[in-house]
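Any value given below was found using the heavy atoms of this structure, including those in side chains, with hydrogens, waters and symmetry copies removed. Naming convention: chains lettered A, B, ... in sequence-line order (proteins, then strands); numbering from 1 in each chain.
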Number of protein chains: 2
Amino acid sequence: MPDSLRRFKADIFQALAHPTRIAIIELLDDGELSAGELIDKLGMEQANISQHLAVLRGKQLVANRKAGNQVFYSVRDPIILKVLALMRRYFQKHLKEALEMLDEMDKASAGTGQ
Amino acid sequence: MPDSLRRFKADIFQALAHPTRIAIIELLDDGELSAGELIDKLGMEQANISQHLAVLRGKQLVANRKAGNQVFYSVRDPIILKVLALMRRYFQKHLKEALEMLDEMDKASAGTGQ
DNA sequence: TAGGAATATTCGATCCTTCGAATATTGTGC
DNA sequence: GCACAATATTCGAAGGATCGAATATTCCTA
């Protein structure tokens, strides 16, 4: 497989590699939402969410539909939702080691005072 | 869903978000390989592959088995292979726009001389 | 037990990502 | 047109990722 195709896949994983963007896609799992609704539900800065939406748009993971003043977002391909569903299964299966990993992370950041 | 769980998922996507690491996992799809075999097949620096393997190990995506001088790697959970298989389907489905994206990237980097 | 093969780690330079603050854009109703 | 609401973009600082060079570790074999 040529490297360009691997770069394409890696870019999609990169787009998914942020907790906020995962949260956005999971919220869109139930149907489309406006940018404002996403901001409300996530309780984060407007600019920040808009930037994350720009990343998802850039990689074509979400579609956007303008309706007057607002922009409604939705997941473009259910395959992406399947990927996240698989990850949920993976998480449940590896819950124990995941908690250990998170614990390590906490300890590491506690040690450095971060 | 608590943010810590999203961070866990994001970390796994992050670990997959590099063409070389995707190549490694795809090579391991057929069964375990030693670090040296991976280096040969990928034709990259030894240190570089070892670093990427360290990332995959750190996120528990691969298992390693020492046999004398060598270390054999394998994918720890077939769910990860399923994720990559889904991504292959996704890629085929979106081949056209993927090529456009890659083209954009080429043009952009040509423009800046990178 | 010295030398070499296989693998891992450290280091430092460079680039990429993320964030909030500030600002720009676009659409609506008066 | 003007003010306002919703969303997007730009900017700069701070932290994280990636690479090759150099070095360290581990294990085998003579």
Interatomic distance, [X] [atom1] vs [N] [atom2] [rounded to whole Å]:
| X | N | atom1 | atom2 | result |
| --- | --- | --- | --- | --- |
| Gln14(B) | dG15(D) | CD | P | 18 Å |
| Gln70(B) | dT7(C) | CD | C1' | 10 Å |
| Gln46(B) | dG20(D) | CD | P | 11 Å |

Quiz item: Does Glu26(B) come within less than 4.0 Å of Lys9(A), counting only side-chain N to carboxylate O?
Solution: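 Yes, Glu26(B) and Lys9(A) are salt-bridged.
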Quiz item: Any chance the side chains of Arg57(B) and Tyr73(B) put a donor and an acceptor closer than 3.5 Å?
Solution: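 Side-chain D/A pair, Arg57(B) to Tyr73(B): present.
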Self-check item: Nucleotide nearest Ala47(A) when distance is taken to its side chain, options dT9(D), dG20(D), dT7(C)
Solution: dT9(D)
Quiz item: Do Ile39(A) and Met44(A) have side chains that get closer than 4.5 Å, going by heavy atoms?
Solution: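 The answer is no, as the side chains (C-beta and beyond) never meet within the 4.5 Å cut-off.
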Quiz prompt | Any Asp77(B) side-chain heavy atom under 4.5 Å of Leu61(B) side chain | solution =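 They are not in side-chain contact.
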Quiz item: If you pin Arg21(A) and Ser50(B) to their nearest nucleotides in DNA chain C, which one's is more 5'?
Solution: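 Result of the comparison: Ser50(B).
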Practice problem: Please state whether the phosphate of dC19(C), meaning OP1 or OP2, lies under 4.0 angstrom from any side-chain nitrogen or oxygen of His52(A). | Solution: yes
Quiz item: Across the strands shown, which category fits Ala35(B) at heavy-atom distances under 4.0 angstrom: base, sugar-phosphate, nothing?
Solution: sugar-phosphate
Exercise. Identify whether any heavy atom of Tyr73(B) sits under 4.0 Å from a base atom; if not, whether one sits that close to sugar-phosphate; answer base, sugar-phosphate or nothing.
Key: sugar-phosphate
Can you give me the N/O atom pairs linking the protein to nucleotides 25-30 of chain C at distances under 3.5 Å, or say none if there are none?
none

